[in-house]
Amino acid sequence: MEAELESYLDAEGVDRSTAVRQLLAEQLSTWRKERAVEQVVRGEMTLSAAAEMAGVDVWTLAALVRDREQSWVDSEGIEADIESFDA
């Protein structure tokens with residue numbers, strides 16, 4: 001892992017502290033998106049609420065769900081998403 005971090009430092013031209021912050025921010029962003037997809041697929045969150053939580057627009061989150069060959073569509077979810085767009 002140390003060698004990979006050194007490669008990252010060289011490639012990005014940043015110091016160790018900046019690199020660690022960048023990598024952590026990137027991983028947290030990925031984690032939020034993954035968590036949002038999981039909650040949408042399980043029906044625990046609407047697509048629009050999950051997109052907000054993940055910090056992306058609904059179309060980006062819909063693409064992430066589609067890329068995982070999952071679905072969020074059910075009648076209650078559609079109604080809740082439509083209502084959230086009207087608000």
Cluster overlap Met45 with Leu61, hydrophobic side-chain contacts below 4.5 Å
no
Got a donor-acceptor contact below 3.5 angstrom from the Ser29 side chain to the Ala25 backbone?
no
Lys/Arg N to Asp/Glu carboxylate O, Glu52 vs Arg32, below 4.0 Å
no
Return the minimal non-hydrogen interatomic distance between Ala50 and Ala36, and the atom names on each side.
O-CB, 3.4 Å
Nearest 0.5 Å, please: how far is OG in Ser48 from CE in Met53?
12.0 Å
Rounding to 0.5 Å, atoms CG (Leu28) and CD (Glu26) come to a distance of 10.5 Å
To the nearest 0.5 Å, what is the distance between OG on Ser17 and CD on Gln22?
10.0 Å
Should Arg68 and Glu38 count as an ion pair when the cut-off is N to O under 4.0 Å?
no
Could you walk me through whether Val37 and Asp67 pass side chain to side chain contact (heavy atoms under 4.5 Å, CB included), step by step?
CA-CA 10 Å; Val37 167; Asp67 290 347; over 6 Å; no
Cluster overlap Val40 with Val56, hydrophobic side-chain contacts below 4.5 Å
yes
Same hydrophobic cluster for Leu47 and Val41, using side-chain heavy-atom links shorter than 4.5 Å among ILVMFWY?
yes
If you count the non-hydrogen atoms of other residues, nucleotides and ligands that lie under 6.0 Å from CD in Glu44, is the total more than 12?
yes
